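Just so it is clear, the model here is predicted, and its values are computed rather than measured.
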There are 2 protein chains.
Amino acid sequence: MLLARTIEKIGELDRKAMAQAQARVDSLLKPPGSLGRLEELAVQLAGITGRLFPEIKAKSVIVMAGDHEVVAEGVSAAPQEITWQILPRFVDGTGGIGVLARHVGAKVVVVDIGVARPVDWPGVVVRKVRPGAGNIACGPAMTREEAVRAIEVGIELAQDEIEQGADLIATGDMGIGNTTPSSAILCAVTGLPVEEAVGRGTMVNDAVLARKRRVVAEALKVNRPDSGDPLDILAKVGGLEIAGLAGVVLGAAARRVPVLLDGFITGAAALIAVGLCPRAKDFILASHLSEERAHRHMLAALGFKPILDLNLRLGEGTGAALAMPVVEAAAKILREMATFGEARVSSLDKEKLL
Amino acid sequence: MLLARTIEKIGELDRKAMAQAQARVDSLLKPPGSLGRLEELAVQLAGITGRLFPEIKAKSVIVMAGDHEVVAEGVSAAPQEITWQILPRFVDGTGGIGVLARHVGAKVVVVDIGVARPVDWPGVVVRKVRPGAGNIACGPAMTREEAVRAIEVGIELAQDEIEQGADLIATGDMGIGNTTPSSAILCAVTGLPVEEAVGRGTMVNDAVLARKRRVVAEALKVNRPDSGDPLDILAKVGGLEIAGLAGVVLGAAARRVPVLLDGFITGAAALIAVGLCPRAKDFILASHLSEERAHRHMLAALGFKPILDLNLRLGEGTGAALAMPVVEAAAKILREMATFGEARVSSLDKEKLL
């Protein structure tokens with residue numbers, strides 16, 4: 001099956017390319033280490049791609065959309081139909097990710113993987129696995145088979161983009177209510193208490209926040225996800241777009257293409273992907289630290305250091321799009337900066353350096 | 001005189017444009033506040049430019065280069081000639097700022113305002129006020145007249161760029177040894193103890209760091225800069241490129257064009273500019289938090305929140321260039337995102353919102 005084959009294909013970072021890239025970075029026309037995170041990213045890109053001079057020529061943001069019957073519990077301030085209504089705005093470039101992806105020169109792939117209503121918006125890729133995840137406060141989000149199918153949709157779409165030339169993939173989500181299953185996944189994977197794992201999502205008030213916490217606790221109690229079985233967690237307390245995004249991560253990793261997480265929901269997808277294949281972690285870049293408070297715990301559990309911290313909490317891939325120019329800059333310092341030797345500039349005094 | 005006329009022209013933020021921009025931002029197709037810093041930047045850009053839909057069509061990075069005789073005290077691990085040697089690499093795009101400015105689509109203006117050696121590199125603008133600042137451990141960096149002249153060079157160059165269409169200006173520095181005068185300025189302006197204000201600059205070892213601290217203390221003792229007189233501080237313990245960059249800030253502010261600081265040296269320039277004209281502060285954006293440890297204190301003194309935090313400490317305007325796409329993104333959400341009404345998407349439930 002595609003999922004198993006994909007996991008099998010995910011390799012390790014290319015340590016030789018990384019050592020070469022580190023040596024090159026250290027010889028560039030600047031004090032050692034002075035480009036900070038750019039240098040680390042450059043070396044990681046070399047390890048991911050296996051190339052001393054990684055190049056980013058085409059970028060895609062894959063936005064997965066799905067609904068969540070758990071909104072019936074009153075956990076969101078946004079009506080469910082927005083998931084469906086907003087999709088054409090991502091395609092025509094007037095929604096948040098439409099604007100920011102155009103700004104950074106990335107293609108947007110908008111996918112209905114689990115929207116409740118039928119979607120026939122022009123330009124939206126329809127790969128619906130089921131119309132909305134079940135109400136996790138009462139039972140599972142989906143069957144284990146549906147979870148696998150949704151992951152495989154993500155794998156296929158990531159690989160389609162890579163076939164078409166994408167060498168940087170970003171993840172994005174749309175799904176009213178999807179901070180609730182993401183918090184449930186965070187609890188199930190890490191054992192974090194519900195109070196720590198549940199935040200305000202779309203800026204809900206104290207009453208809704210308290211309700212969200214009760215709903216997440218209830219979802220965990222009713223479904224009893226097995227913390228050692230990522231597919232069980234995903235099927236019981238996850239969502240279709242979360243499953244699809246986990247697939248995007250695995251699909252990109254299997255092809256040695258760097259994949260940028262966005263915020264809290266794509267972070268939940270990464271928890272599942274890394275649970276299924278710990279080696280996938282090395283191919284993931286965390287674009288930003290979300291304003292959703294539990295995102296910090298999620299990144300810590302994954303061992304990721306975010307590139308940006310702009311108090312974003314929109315989702316849609318907006319933070320991932322904003323981090324793309326930084327990742328490209330990292331590739332470019334390797335490719336385009338001269339070394340001290342090439343530029344015939346005097347070297348630094350090693351005696352005085354740290 | 002140009003400096004006085006420029007200061008006089010610096011106005012206040014346009015509160016009406018800001019209120020309109022805030023209202024537009026709040027009506028865009030996203031939960032209120034969910035684009036975090038982008039929303040704040042969008043409103044600030046509206047206030048700076050006086051336009052509800054600020055547009056960034058052309059960007060310039062002005063890199064001022066100057067030398068510092070204080071390197072004779074052994075405060076840097078880099079030989080002084082690098083200031084001179086590296087300038088053509090900024091022009092031909094193989095030095096750090098050359099690569100990153102090209103990446104973000106910005107023009108680089110490289111200026112010799114005080115390089116010790118004669119500069120006749122093609123493409124470098126020569127506006128030398130004097131060949132290097134004096135050794136501040138023994139006496140003043142320059143005369144008060146030279147300080148004013150260097151500021152005016154910066155004003156003129158910023159205004160030249162703006163005449164040619166730039167609507168976003170970034171500052172950059174090049175000058176071996178220039179963290180030492182920048183620390184001295186920080187001490188003189190804020191009263192911060194020398195131990196807090198002096199960092200490792202180009203990654204110097206403990207012995208050099210201790211020497212830098214002694215040199216900064218000595219510079220303050222010998223010169224006795226008047227904390228209430230920014231020109232006195234600049235002339236006594238500053239540098240030519242720092243003066244020029246203070247002028248760039250003032251020149252941009254006077255034309256209501258946003259100006260991005262880079263790191264520690266451009267921050268010292270901002271301390272002088274804001275000392276000369278506190279209203280200038282509103283026209284400045286802090287691009288990043290430098291790895292140079294005292295930069296934190298500098299930004300706190302200025303009341304700025306950095307956009308990026310990527311552990312950079314190269315200078316040259318590299319951090320400012322990397323922040324440009326974020327500033328442009330802020331302008332674009334105002335110009336290009338649809339509102340809920342325009343997109344015919346259901347509104348959020350105000351009862352449930354914070």
(message) For a side-chain contact (heavy atoms from CB on, under 4.5 Å) check, start with the C-alpha distance between A/Ile82 and B/Phe340, then their side-chain angles and the critical distance, and finish with the verdict.
(response) CA-CA 10 Å; A/Ile82 290 184; B/Phe340 276 90; 4.2 Å; yes
(request) Start with the C-alpha distance between A/Leu35 and B/Leu310, add both sets of side-chain angles, then the distance that settles side-chain contact (heavy atoms from CB on, under 4.5 Å), and finish with yes or no. (result) CA-CA 8 Å; A/Leu35 281 173; B/Leu310 296 170; over 6 Å; no
(request) Give the C-alpha distance, both sets of side-chain angles, the deciding distance and a yes or no for side-chain contact (heavy atoms from CB on, under 4.5 Å) between A/Ile86 and B/Leu29. (result) CA-CA 8 Å; A/Ile86 206 169; B/Leu29 206 48; 3.8 Å; yes
(request) Output, in order, the C-alpha distance, side-chain angles, deciding distance and verdict of side-chain contact (heavy atoms from CB on, under 4.5 Å) for A/Asp309 and B/Asp309. (result) CA-CA 8 Å; A/Asp309 180 3; B/Asp309 181 3; over 6 Å; no
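Heavy-atom pairs under 4.5 Å with chain B were tallied for A/Ala78, A/Gly319, A/Gly96; the largest tally goes to A/Gly96. With respect to chain B, the highest number of heavy-atom pairs below 4.5 Å among A/His103, A/Arg37, A/Glu292 belongs to A/His103. Interface remark: of the candidates B/Asn311, B/Leu348, B/Thr94, B/Thr94 forms the most heavy-atom pairs closer than 4.5 Å to chain A. Most heavy-atom pairs under 4.5 Å with chain A, from the set B/Ser34, B/Gly36, B/Ser347: that is B/Ser34. Chosen from A/Pro32, A/Ala77, A/Pro88, A/Gly74, the residue pairing most often with chain B at heavy-atom distances under 4.5 Å is A/Ala77.
B/Arg296 CZ: 12 or fewer foreign heavy atoms inside a 6.0 Å radius.
If you take CD on A/Glu336 and CG on B/Leu100, they are separated by 9.0 Å, rounding to the nearest 0.5 Å. Atom CG in A/Leu353 sits 11.0 Å away from atom CZ in B/Arg200 (nearest 0.5 Å). A distance of 13.5 Å separates NZ of B/Lys352 from CG of A/Leu209, quoted to the nearest 0.5 Å.
Listed for the B/Gln85 side chain is a donor-acceptor partner under 3.5 Å among the backbone atoms of A/Ser346. Judged by distance alone, the side chain of B/Asp349 and the main-chain N or O of A/Pro79 form no donor-acceptor pair under 3.5 Å.
Residue B/Arg102 touches chain A through its side chain alone, counting heavy-atom pairs closer than 4.5 Å. Neither the backbone nor the side chain of B/Glu39 comes within less than 4.5 Å of any heavy atom in chain A. For chain A, no part of B/Ala207 is nearby; none of its heavy atoms comes within less than 4.5 Å. For B/Val208, the part lying under 4.5 angstrom from a heavy atom of chain A is the side chain only. Both the backbone and the side chain of A/Ile307 have a heavy atom closer than 4.5 Å to some heavy atom of chain B.
Across all non-hydrogen atoms, the minimal contact from A/Val99 to B/Met337 is CG2-CG, 3.6 Å. Across all their heavy atoms, B/Arg313 and A/Gly33 have their closest contact at NH2-C, 3.6 Å.
Within residues 324-334 of chain B, the residues having any heavy atom closer than 4.5 Å to a heavy atom of chain A are B/Pro325, B/Val326, B/Glu328, B/Ala329, B/Lys332, B/Ile333, listed by residue number.
With contacts defined as side-chain heavy-atom distances shorter than 4.5 Å, the pair B/Leu38/A/Leu322 qualifies.
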